[in-house]
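Notes follow once the structure below has been shown.
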Amino acid sequence: MPGETNPPDKDEGFTVTPWEVEGDIDYEKLVEKFGTSKIDEELIARIEDTTGEVHFMLRRGIFYSHRDFDWILDQYEKGNTFAMYTGRGPSGNTHVGHLMPWIFAQWMQEKFGVELFFQLTDDEKFLFNFDLSLKDTHSFAIENALDIIALGFDPDKTHIIIDTDNIDTLYPIALRVAKRINFSNVKAVFGFDNSTNVGSIFYTAIQSAPCFIPSEREGKNVPVVIPCGIDQDAHFRLTRDIAETLGYYKPSLLHNKLAPSLDGTGKMSASKPSSTIFTTDGPDEIRSKINEAFTGGRISAEEQRKKGGDPDICAVQNYRYYIFQPDDEIVEDISRRCKDGDILCGECKNLLIDTINDFLGEHQKRREEAKDVLKDFLM
Ligand code: TRP
């Protein structure tokens, strides 16, 4: 039975499913448990051969796991270009943690010159969140689309899908997928039970559908790679199990680790606004949120100068590492000075505040401009 192994397991002290991410995630264990492959030096070298550079998210192991990306490169080298697919569940406004995999996807698009299909699942977030109306999730989808566009995706090669608007394209494919997946598969893979609403049970077919849109549009099989959080892997395990029976290639995956939160507890989440930086936050909000951030600092300045801080657990340093500072030397230099007690948390926070202000200042300008071109990006 497809996907029948790998049910969510709460015994390990962490849970990773598309709808629940909790605890201290052991990413190595997920590779083993989900049966994916590590992105190793050899694969990174192949990517570098083609693109001429290594994105910092590959270098730092933020994108750390994959399925069949070596095959995608084989195809690409033979002149059989691939398409890219990713998505976002519009349950709220965009925060900077969301930008992380999108920044990577934009780099991939630029380097490989590929088409991108970006799915905004207003249906999913409606079905899975009791408090959200369809009107809410649709308007978040539009807001999120502005942030996507602001990152510089190619308007001629980027197609934003909003599920309820583009259901005519999705539905025929989703039906063929849904016919191949039974209730026991989704129960096992997602941990559903008899109280799960039937829309949620069907939903995975909708998330599978864009994997096959490029092939449908081209009238021939097109390889597809999906950069996504490792929490989304469960959907695509099911997709991969049924792809070939429908006459398509299995989609390939590139998995990223999840962006950690500012308060030092797990994944960055929009349900904790005080510890989450939104892309529309102004300088004052950014300052006060970063000033509140969890750090690896000591109780007093005196003690920190003597013993040094712990950058490995510090949310401020995590922001640099995961999103805002592509330059390894700068990141390492700050870590060193922190451990030596040469830089204290106040100064370090100020540096990050400046970086984020610069980044978001530019982002917000482009986000405004995106309003004029939104239509060109919608599928
Ligand atoms: N389910 C994803 C979320 O909640 C949204 C999504 C849809 C997605 N299609 C995708 C994410 C493809 C990554 C890749 O965020």
For the residue pair [X] and [Y], what are the closest heavy atoms and their distance?
X      : Y      : answer
Tyr319 : Leu352 : CB-CD2, 3.9 Å
Ile148 : Phe153 : O-CD1, 3.1 Å
Leu151 : Trp102 : CD1-CB, 3.5 Å
Phe202 : Ala174 : CZ-CB, 4.2 Å

Between the side chains of [Y] and [X], is the shortest nitrogen-to-carboxylate-oxygen separation below 4.0 Å, so that they form an ion pair?
X      : Y      : answer
Arg367 : Asp147 : yes
Arg180 : Glu244 : no
Asp333 : Arg337 : yes
Arg59  : Asp328 : yes
Asp68  : Lys250 : no
Asp233 : Arg240 : no
Glu368 : Lys365 : no

In Ile353, Thr355, Asn357, Asn350, the residue satisfying side-chain contact (heavy atoms from CB on, under 4.5 Å) with Ile290 is Ile353
State which residue, out of Leu253, Ile47, Asp74, fulfils the side-chain contact (heavy atoms from CB on, under 4.5 Å) condition with Phe69.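 The single option meeting the side-chain contact (heavy atoms from CB on, under 4.5 Å) with Phe69 is Ile47.
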Establish whether Phe294 and Ile334 are linked, either directly or via other cluster members, by ILVMFWY side-chain heavy-atom contacts under 4.5 Å. no
Honestly curious: do Phe212 and Val222 fall in one hydrophobic cluster under the side-chain, below-4.5 Å linking rule?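 No, because Phe212 and Val222 fall into different hydrophobic clusters, even though each may have its own neighbours under 4.5 Å.
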With a 6.0 Å cut-off on the ring centroids, do [X] and [Y] count as close?
X      : Y      : result
Phe104 : His55  : yes
Phe190 : His235 : yes
Trp71  : Tyr249 : yes
Phe117 : Tyr85  : no

Can you tell me how far the CZ atom of Phe140 sits from the CZ atom of Phe126, to the nearest 0.5 Å?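 Going from the CZ atom of Phe140 to the CZ atom of Phe126 covers 14.0 Å.
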Taken to the nearest 0.5 Å, the spacing of Asp340 CG from Gln304 CD works out to 11.5 Å
Does NZ or CZ of [X] lie under 6.0 Å from the centre of the six-membered ring of [Y], at an angle within 45° of the ring axis?
X      : Y      : answer
Arg67  : Phe236 : no
Lys257 : Tyr64  : yes
Arg88  : Phe118 : no

Indicate yes or no: at least one non-hydrogen side-chain atom of Arg320 is less than 4.5 angstrom from one of Leu351.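 Yes, at least one pair of side-chain atoms sits under 4.5 Å.
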Does a side-chain heavy-atom distance below 4.5 Å link Gln119 with Ile206?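 Yes. Closest side-chain heavy atoms under 4.5 Å.
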Please verify the inter-ring angle class for Trp19 with Phe128; under 30° counts as parallel, over 60° as perpendicular, anything in between as tilted.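 Taking Phe128 first and then Trp19, their aromatic rings lie parallel (interplane angle under 30°).
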Can Glu285 and Lys289 be said to form a salt bridge (charged side-chain N to carboxylate O under 4.0 Å, His left out), step by step? CA-CA 6 Å; Glu285 282 154 306; Lys289 288 176 185 179; 5.2 Å; no
Look at atom CZ of Phe359 and say whether more than 12 heavy atoms of other residues, nucleotides or ligands are closer to it than 6.0 Å. yes
Checking Thr158 side chain against Asp154 main chain: does a donor-acceptor pair fall under 3.5 Å? yes
